Amino acid sequence: KLEKHRFTLELAHALNVAFEHREFDQLVVVAPRRSLGELRKLLPIRVLRVVAHEIAKDLTAETPAALWKRIAPEVLPLL
């Protein structure tokens with residue numbers, strides 16, 4: 001649990017830095033439900049405002065092609 005929390009904390013920090021550098025203007029977050037909840041608590045409001053969509057699924061074992069196939073129906077309408 002501690003390692004997951006550290007990872008989520010690092011991810012929140014990295015997303016904040018990327019936002020500051022204008023590396024994205026919209027964000028789609030894919031993570032297990034519990035991780036999404038923790039990430040929401042750690043992200044600054046300004047980053048939360050650009051979250052266009054959340055997908056509460058653990059897709060870490062998917063290949064990039066399989067991942068895209070799973071999320072494309074939810075992400076493509078946002079583009």
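This is a predicted model, so every value here is computed, not measured. Numbering of residues begins at 1 and proceeds along the displayed sequence.
- The two residues A66 and E62 have their closest heavy-atom pair at CB-OE1, 3.1 Å.
- Taking each heavy atom of A72 and P77 in turn, the nearest pair found is O-CD, 4.1 Å.
- Judged by distance alone, with hydrogens and angles left aside, the side-chain atoms of S35 form no donor-acceptor pair with the main-chain N or O of A31 at under 3.5 Å.
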For a salt bridge (Lys or Arg N to Asp or Glu O under 4.0 Å) check, start with the C-alpha distance between E54 and R40, then their side-chain angles and the critical distance, and finish with the verdict.
CA-CA 10 Å; E54 293 179 349; R40 273 189 225 107; 2.7 Å; yes

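- Although no hydrogens or angles enter the test, the distance criterion places a donor-acceptor pair under 3.5 Å between the side chain of D58 and the main chain of T60.
- Taking each heavy atom of Q26 and L78 in turn, the nearest pair found is OE1-O, 3.9 Å.
- Residue R34 holds its CZ atom at 12.0 Å from OG1 of T8, rounded to the nearest 0.5 Å.
- Every residue two or more places apart in sequence or in another chain was checked for a salt bridge (charged side-chain N to carboxylate O under 4.0 Å, His left out) with E23, and none qualifies.
- L43 and L48 make their closest contact through O-CD1, 3.7 Å (heavy atoms, listed as atom of the first residue, atom of the second, distance).
- Within a 6.0 Å radius of CZ in F7, other residues, nucleotides and ligands contribute 12 heavy atoms or fewer.
- Taken together through direct or relayed side-chain contacts under 4.5 Å among Ile, Leu, Val, Met, Phe, Trp and Tyr, L79 and V29 form parts of separate hydrophobic clusters.
- Residues P64 and L67 are not in side-chain contact: their nearest non-hydrogen atoms beyond the backbone lie 4.5 Å or more apart.
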Start with the C-alpha gap between V75 and W68, add the side-chain angles, then the distance that decides, and say whether side chain to side chain contact (heavy atoms under 4.5 Å, CB included) holds.
CA-CA 9 Å; V75 173; W68 180 246; 4.3 Å; yes

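- Between the CG atom in N16 and the CZ atom in R46 there is a gap of 4.5 Å [rounded to 0.5 Å].
- L9 belongs to a hydrophobic cluster whose other members, connected by ILVMFWY side-chain contacts under 4.5 Å either directly or through intermediates, are L42.
- L11 and V50 fall within the same hydrophobic cluster, defined by Ile, Leu, Val, Met, Phe, Trp and Tyr side-chain heavy atoms under 4.5 Å apart, directly or through other members.
- To the nearest 0.5 Å, atoms NE2 (H53) and CD1 (I71) are separated by 9.0 Å.
- One distance of note links OG1 of T63 with NZ of K69; it measures 10.0 Å at 0.5 Å rounding.
- Rounded to the nearest 0.5 angstrom, L15 CG and L39 CG are separated by 6.5 Å.
- With hydrophobic clusters built from ILVMFWY side chains whose heavy atoms lie under 4.5 angstrom apart, V30 does not share a cluster with L36.
- Placement of V28 and L76 within a single hydrophobic cluster is found when ILVMFWY residues are connected by side-chain heavy-atom separations under 4.5 Å, directly or transitively.
- The side-chain hydrogen bond (donor to acceptor under 3.5 Å, both in side chains) search around E10 returns none, not counting sequence neighbours.
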Run the numbers on R6 and E3 for salt bridge (Lys or Arg N to Asp or Glu O under 4.0 Å), then give the verdict.
CA-CA 5 Å; R6 283 187 190 140; E3 206 49 45; 3.3 Å; yes

